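These notes are about the structure you will find just below.
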Amino acid sequence: MLEIRNIVKQYADHRALDDVSLYVPEGKIFGLLGPNGAGKTSLIRIINQITAPDSGEILFNNQPLSSQHISAIGYLPEERGLYKKMKVGEQMVYLAQLKGLSRQDANKRLNYWFEKLEIGSWWNKRIEDLSKGMQQKVQFVATVLHEPQLIILDEPFSGFDPVNAQVIQDEILELNEKGATIIYSTHRMETVEELCDNIALINKSKKVLDGSVKEIKKQYNSQTYLIDYQGPLLSDDLLNNASLFNIIAHTSHQDETQLKIKLTEAVTLNQAIHHLLDKIQITQIKEIIPSIHDIFIEKVSQSSVTHA
Amino acid sequence: MHKIALIIQREYLTRVRKRSFLLTTFLVPLFFIGMYVGIIFLTKKSFDETHAVVYIIDQEGAIAPKLKSTKNITYIHSNKALQEQLSTLKDEEASNTSILVIPKDFLSNPNVEFLAANKPNVSTQNEIKSNLSDIIRDFKYQKLGINIDSLHNIDTTVAINAKEVTADGETKDSNTEIAMGIALALSILVYISLFLYGSQVMRGIIEEKSNRIIEVIISSVKPFQLMMGKIIGIGLVGLTQFVLWVVLSFMLAGVASTFFVSKAELGEQVMGSKMMESNSEQIAQSGGSLNGISPEAWAMIQSVNFTEIIVCFFIFFLGGYLIYSALFAAVGSAVDSETEASQFTMPITMPLLLTYALSFGVLMNDPHGTVATWLSFIPFTSPIAMLVRVPFGVPLWQIVVSALLLIAGFIFTTWVAARIYRVGILMYGKKPSYKELLKWFRYKS
């Protein structure tokens, strides 16, 4: 769908994007992650052709990105805004027309959306008379009204109460089911695993990580397990075997003990269990799977260490 | 192109539909009509005040018939005694009634008494003095045996008929006062409207920026399209307003003139009944020339080439508007609020302000001088300078060259402004310096 190759964007005093390459597969939800100021907005602006990169290229459906693709992209910027004095319906139609829709089509689709989100009564209200949350809803409709193939959402849930956030999330998933590719940019990790098929992590102008969520989690599998057994904590000598694993932490509660072990490289869980089987009565084994949040924190703090 | 049309449409319609647009469109002509009426009223009033009625008590006997009423003084030969007349002076409501007492030995000893209820008006006194000395002079000439009529023939008034020689060698009547009036009106009109519509462009851009809608829009259209759409849309609002003003002014002037003329006629009748017959005619004449326009003035007004002026007005107003609104657009894109904008609007409007100020002096007094000619070629000053010169007659080639330079200037400023604009609209939070603006200008797109 979208292929970003070696993008460099230099502003006078800092480099916003440094040789960033990404691949956004068709029909997926792509999470663009990174802390504030990492370069996400710069990249999004380049995809929207608001600014041009200094070097590198972008392919949209295997064609170099050009102005003909503008109508195929819908963009919800992080900083929302509409003409305050303009009426809701009129403004929506105007924005859709700027995206190349005819007036009739815009009206028709607007009716569909207003009915769907139950906001039909807002048609003749001025934007400034709506609450902040209502304005956000209107702006979401404006983003998707022209049925873009690629929808770019920059922090789409900020400013929504939980109920409306859920409504919007459902709409996003439905649009995705209907075939739209979605780039979801955020620095909040909670929703990422729930929504995204693929992610890319940008930090300090550089891409530090990308791939499908599953693969990344596999890749960042920490080889760490929790092992519960019955009985008191045994002495380290008895349990420990540095060639197989290290005990990172342990807790004891009455007659129950929990160990947190990290396997040594190239050791399988079976080998470790085999070593422990005749020593303790295992009740439960659980793999500790890192969340995207943990990976994010780890990656960001890593790169800040190397930069410092 | 289709998108620019959409933007123009929005910019135009949202402004034209505003209540403030209707208000200014209807109130401004009313204001001008009000001013017009006010001027007539004040002129009339000052005329009434300087006009004096003088009762003559002529003890000499031969002087009073020779004192002919003038535009400013109505002489009335009184047959009453001085005391009696003095009492009427006190009764008289009009403050500018006075009594002139001419003694018996006036011709040998030219001293007269002038009695007025208030402080005697100096100009009235001077006029009486000169009228009386004329009479004494004529009397003395007569005594010396000089024929007065032939003497009057010697006094010749030289009339200057200012004629302009056109390029074809034709002559035409020129009237400097009318040209000056038109030049002044054009200068004020262009100055005010360039400011008015230029700052509307700026405000519109600041609004889009502070609303944060700008990012949504420029993900659909190019920044240049948005900027030009706004400039053209607001320019059309300006033109609409001009056209409406002209139409409304004519309509209101028509209504007002029929109303006021009939009233003035009524006033004349009242005044005429009070005065001697010979005077009412003069009053009517002078009053008439205040309200209406004398035939000579009509001829001169008709000699003014209105088509040329209107065509030039549209060319130079539009050119100037495009130049300055582009600059205003650049300023609007660079700042976050209107208060921040003033540090930039001052320098860019400096040439405009300078030309405006000069138009009352150098440009008007010497419309074909070096300063005026140069200013009418420089694109930043020509919208005012050329329009001030046009009513005085400007060679066609100068107008054409100036208009071409104006177009070149507009292309140049738009290019510069667009480069600053595309960067500025995405910049928030920091107050830009000139150095910063230069940096933005140099950015690759």
Side-chain angles (χ1 to χ4, degrees), chain A residues 8-13 41-42 44-55 67 69-87 90-103 106 126-128 135 138-140 142-143 145-146 148 150 152 154, chain B residues 1-15 17-20 203-226 229-230 233 336 421-430 432-433 435-445:
Chain A
V8 175
K9 179 72 183 174
Q10 177 79 42
Y11 288 110
D13 35 9
T41 303
S42 292
I44 288 173
R45 281 180 177 171
I46 288 170
I47 298 170
N48 276 302
Q49 300 174 65
I50 291 171
T51 53
D54 295 334
S55 67
S67 55
H69 298 122
I70 280 176
S71 58
I73 301 177
Y75 174 37
L76 180 71
E78 182 177 4
E79 297 279 5
R80 313 291 149 71
L82 294 163
Y83 289 112
K84 291 204 163 43
K85 306 256 176 215
M86 240 176 142
K87 284 176 182 162
E90 201 181 338
Q91 178 150 233
M92 295 295 99
V93 171
Y94 173 64
L95 292 175
Q97 279 182 300
L98 284 185
K99 281 287 189 187
L101 227 59
S102 74
R103 177 172 277 278
R126 286 171 173 215
I127 293 291
E128 61 185 352
Q135 291 183 20
V138 169
Q139 188 140 26
F140 178 79
T143 308
L145 197 61
H146 58 290
L150 177 65
I152 301 173
D154 199 348
Chain B
M1 213 46 229
H2 171 66
K3 286 181 180 176
I4 288 199
L6 278 172
I7 294 165
I8 293 172
Q9 190 189 16
R10 193 200 84 86
E11 297 292 338
Y12 181 80
L13 287 180
T14 49
R15 281 180 176 77
R17 276 198 235 135
K18 265 193 203 162
R19 224 168 291 140
S20 61
R203 265 206 301 278
I205 289 167
I206 293 175
E207 186 203 351
E208 277 169 355
K209 217 183 142 178
S210 58
N211 273 355
R212 311 268 173 168
I213 195 174
I214 194 88
E215 210 165 336
V216 174
I217 304 274
I218 57 171
S219 69
S220 306
V221 303
K222 292 196 177 71
F224 182 74
Q225 290 176 315
L226 180 59
K230 189 172 281 293
D336 290 349
Y421 177 84
R422 82 213 146 112
V423 181
I425 45 174
L426 293 171
M427 294 284 179
Y428 289 99
K430 53 180 173 184
S433 61
K435 224 176 110 191
E436 194 95 11
L437 291 185
L438 192 69
K439 217 156 54 182
W440 294 358
F441 174 73
R442 288 195 184 134
Y443 277 156
K444 278 183 284 166
S445 59

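Lettering of chains follows the sequences in order, A, B, ..., and the numbering in each one begins at 1. Fair warning: this is a prediction, and the values are worked out from it, not measured in the lab.
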Worked verdict on A/Asn48 versus B/Ile218 for side-chain contact (heavy atoms from CB on, under 4.5 Å): CA-CA 9 Å; A/Asn48 276 302; B/Ile218 57 171; over 6 Å; no
Mind listing the closest non-hydrogen atom pair of B/Val216 and A/Gly81 along with its distance? CG2-O, 4.4 Å
Partner chain A: residue of B/Lys222, B/Glu208, B/Glu207 with the largest heavy-atom pair count (under 4.5 Å): B/Glu208
Greatest number of heavy atom pairs closer than 4.5 Å to chain A - which of B/Ile217, B/Val221, B/Thr14: B/Ile217
Pairs touching residues 69-83 of chain A that satisfy salt bridge (charged side-chain N to carboxylate O under 4.0 Å, His left out), sequence neighbours left out: A/Glu79-B/Arg212
With the side chain counted from C-beta on, respond yes when A/Ile70 and B/Lys3 share a heavy-atom pair under 4.5 Å apart, and no when they do not. yes
Does any non-hydrogen side-chain atom of B/Arg10 lie less than 4.5 Å from one of A/Met86? yes
side-chain contact (heavy atoms from CB on, under 4.5 Å) between B/Leu426 and A/Thr51, worked out: CA-CA 10 Å; B/Leu426 293 171; A/Thr51 53; 4.1 Å; yes
For chain B, which candidate among A/Leu76, A/Ile73, A/Leu98 shows the most heavy-atom pairs at distances under 4.5 Å? A/Leu98
Paired with A/Ile50, the side chain to side chain contact (heavy atoms under 4.5 Å, CB included) test is passed by just one of B/Ser220, B/Ser219, B/Pro223, namely B/Ser219
In terms of heavy-atom proximity below 4.5 Å to chain B, should [X] be classed as side chain, backbone, both, or neither?
| X | result |
| --- | --- |
| A/Gln135 | neither |
| A/Ser71 | neither |
| A/Gln10 | neither |
| A/Tyr94 | side chain |

Less than 4.5 Å to any heavy atom of chain A: does that hold for the side chain of B/Ile7, its backbone, both, or neither? both
Considering residues at least two apart in sequence or located in another chain, which fulfil the side-chain hydrogen bond (donor to acceptor under 3.5 Å, both in side chains) criterion with A/Tyr75? B/Glu215
Drop me the distance from B/Leu6's CG to A/Lys99's NZ, to the nearest 0.5 angstrom. 13.5 Å
Does atom NZ (B/Lys439) have a neighbourhood of more than 12 heavy atoms from anything else shown, all under 6.0 Å? yes
